[in-house]
Amino acid sequence: MPTKTLKGAATFKDAPTFKDQRRERIIQVARSVFYEVGYAGASMSMISSRLGGSKATLYAYFNSKEDLFEAIIREQCGQIADLFLAHTGTDDLRATLAVMGRELLTAIMSDEAVRTFQLIVEESHRNPQLAEMFHNVIQSQGGSNLVNLLQAAHARGQINAPNSQEAAMVLKSLIFGDCHFKRIMNLAAQPTEAHLSRQVDLAVDIFMAYYGVKSAG
């Protein structure tokens with residue numbers, strides 16, 4: 001978001017506009033409706049009723065429930081994309097990957113992220129376009145930023161990963177392990193911080209053992 005600077009004062013972010021706040025409120029209400037009745041059961045009329053406004057107001061922001069659900073996905077993926085961006089180009093790659101991995105695993109294991117993923121899996125047979133949209137958003141936002149992070153590390157000589165896309169896939173698989181699958185299947189509750197740390201530390205150790213640059217001598 002743009003910033004304004006006043007002479008003799010600190011830089012601050014512009015306050016959200018009424019339109020920004022209204023859009024965020026719509027997304028919050030729509031998310032709760034999707035979680036409650038499922039994607040197929042949700043409708044623009046139902047979301048409008050929960051908002052307490054007219055359907056015309058809702059349609060002024062989003063053309064369809066598909067657009068609304070995509071906005072939810074983009075918001076969640078955008079947070080992860082920003083996470084990768086914040087850790088790109090650091091000097092201590094191992095420490096960076098450990099911190100980033102814990103933040104990533106915490107984000108995807110949250111109730112909100114898990115419920116969204118479950119909704120997409122549930123709807124994928126009836127609406128494969130929804131799953132395709134989800135995949136495309138992940139790749140264009142979070143996925144590309146993780147690849148860029150590893151490309152930067154390769155360019156700095158921190159890892160030997162000429163195929164950064166493959167390295168990103170390996171790193172994500174190691175970090176997620178089986179705990180993400182169990183969470184999606186409701187076989188496990190939100191893991192403790194200690195469990196997350198052990199999972200991520202092991203993942204980073206294995207990743208660096210394979211991709212890390214060996215020092216001479």
*asked:* Run N145 and N148 through side-chain contact (heavy atoms from CB on, under 4.5 Å) and show every step you take.
replied: CA-CA 5 Å; N145 278 14; N148 290 340; 4.2 Å; yes
Do [X] and [Y] come close enough that some side-chain heavy atom pair is under 4.5 Å?
X: M208; Y: V204; answer: yes
X: L130; Y: M133; answer: yes
X: L104; Y: V200; answer: no
X: M46; Y: E36; answer: no
X: F34; Y: K65; answer: yes
X: M109; Y: H195; answer: no
X: Q28; Y: R25; answer: yes
X: Y211; Y: H154; answer: no

Please give me the minimum heavy-atom distance between [X] and [Y], naming the atom from each residue.
X: A152; Y: T88; result: CB-CG2, 3.9 Å
X: I47; Y: A30; result: CD1-CB, 4.0 Å
X: G157; Y: V213; result: O-CG2, 3.3 Å
X: A107; Y: A113; result: O-CB, 3.3 Å
X: Q199; Y: G177; result: NE2-CA, 3.2 Å
X: S54; Y: S48; result: C-OG, 3.3 Å

*Would I120 and F69 count as a side-chain contact (heavy atoms from CB on, under 4.5 Å) if you check the C-alpha gap in whole Å, the side-chain angles of each, and the deciding distance to 0.1 Å?*
CA-CA 10 Å; I120 293 165; F69 196 74; 3.7 Å; yes
*In terms of side-chain heavy atoms, does S110 have a donor or acceptor partner in E112 at a distance below 3.5 Å?*
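There is no such pair (donor and acceptor under 3.5 Å, judged by atom type) between the side chains of S110 and E112.
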Between atom [atom1] of [X] and atom [atom2] of [Y], what is the distance when rounded to the nearest 0.5 Å?
X: K172; Y: L105; atom1: NZ; atom2: CG; result: 13.5 Å
X: F62; Y: R23; atom1: CZ; atom2: CZ; result: 4.0 Å
X: F134; Y: I73; atom1: CZ; atom2: CD1; result: 5.5 Å
X: S32; Y: R115; atom1: OG; atom2: CZ; result: 12.0 Å
X: I72; Y: I26; atom1: CD1; atom2: CD1; result: 11.0 Å
X: E123; Y: H125; atom1: CD; atom2: NE2; result: 10.5 Å

*Take atom CD in E132; do more than 12 heavy atoms of anything else shown fall under 6.0 Å from it?*
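No - once you tally the heavy atoms of other residues, nucleotides and ligands closer than 6.0 Å, there are 12 at most.
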*Do other residues, nucleotides or ligands put more than 12 heavy atoms under 6.0 Å from the CD atom of Q165?*
no
*Take Y39 and E122 through the test side-chain contact (heavy atoms from CB on, under 4.5 Å) and record every step on the way to the result.*
CA-CA 9 Å; Y39 181 84; E122 176 185 341; over 6 Å; no
_Strictly distance-based, threshold 3.5 Å: is any side-chain N or O of S144 a donor or acceptor partner for the main-chain N or O of S140?_
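Between the backbone of S140 and the side chain of S144 there is a qualifying donor-acceptor contact (under 3.5 Å).
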Cluster question for you: counting only ILVMFWY and a side-chain heavy-atom cut-off of under 4.5 Å, with indirect links fine, are [X] and [Y] together?
X: F117; Y: V137; answer: yes
X: L51; Y: V33; answer: yes
X: F176; Y: L174; answer: yes
X: M44; Y: Y35; answer: yes
X: L119; Y: V29; answer: yes

_One thing to verify: whether D201 and R94 come together as a salt bridge, which I'm taking to mean a side-chain N less than 4.0 angstrom from a carboxylate O._
no
_D205, I159, L149, I175 screened by side-chain contact (heavy atoms from CB on, under 4.5 Å) with L97, the one that passes_ =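 For L97, the side-chain contact (heavy atoms from CB on, under 4.5 Å) check succeeds only for L149.
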_Test applied, side-chain contact (heavy atoms from CB on, under 4.5 Å); reference residue, L93; option that passes from R156, Q158, M100_ =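 Checked R156, Q158, M100 against L93; only one passes side-chain contact (heavy atoms from CB on, under 4.5 Å): Q158.
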*Go through T106 and L196 one step at a time and tell me if the side-chain contact (heavy atoms from CB on, under 4.5 Å) criterion holds.*
CA-CA 8 Å; T106 299; L196 287 176; 3.4 Å; yes
